[in-house]
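To keep things clear, I will list the structure first and then write my remarks on it.
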Amino acid sequence: MNNQRPISSDEEHRVLQFRPRTPPAPRIQRGNGSVQPLRLTPERLDLSRYEQPRAESDNYRQRMLANIAALAFTIALTAIGIWLAVSIADLRRTQDCVLMGRRDCVKITTPHI
């Protein structure tokens with residue numbers, strides 16, 4: 001196997017100059033050097049220009065019911081996820097026990113008389 005690098009000439013390698021997308025700020029000539037002017041902070045954007053008068057007022061009762069329904073759905077989904085994770089872990093424990101050749105893997109519950 002040949003591990004030698006090929007000889008390359010200086011013509012193959014070029015350094016490209018980076019050009020920013022925005023034009024640079026104009027420079028002010030003062031004496032021997034150049035000075036960039038201070039940038040003033042732009043005015044804060046006010047969102048009031050996007051506001052539109054509403055034809056009807058907010059129905060807070062409907063919004064609260066929707067929020068409660070969303071919370072109940074989230075809690076139910078979380079409970080189902082936890083139950084599923086516990087069931088899968090129990091099934092895996094039982095399967096590992098059976099694959100080891102043991103006979104007392106499943107807990108048998110008997111009714112108390």
Worksheet item: How many angstroms lie between CE in Met64 and CG in Asn59, if you round to the nearest 0.5 Å?
Response: 12.0 Å
Response to the item:
Between the CH2 atom in Trp83 and the CD1 atom in Ile88, the distance rounded to the nearest 0.5 Å is 9.0 Å
Worksheet entry | Under-4.0 Å salt bridge between Arg93 and Asp96 | no
Worksheet item: Can you tell me how far the CD1 atom of Ile68 sits from the CZ atom of Arg63, to the nearest 0.5 Å?
Response: 13.0 Å
Worksheet entry | Residue of the set Leu71, Thr78, Leu77 for which side chain to side chain contact (heavy atoms under 4.5 Å, CB included) holds with Ile75 | Leu71
Worksheet item: How far does CD of Gln95 sit from SG of Cys105, to the nearest 0.5 angstrom?
Response: 11.0 Å
Worksheet item: Does CE in Met100 sit with more than 12 non-hydrogen atoms of other residues, nucleotides or ligands closer than 6.0 Å?
Response: yes
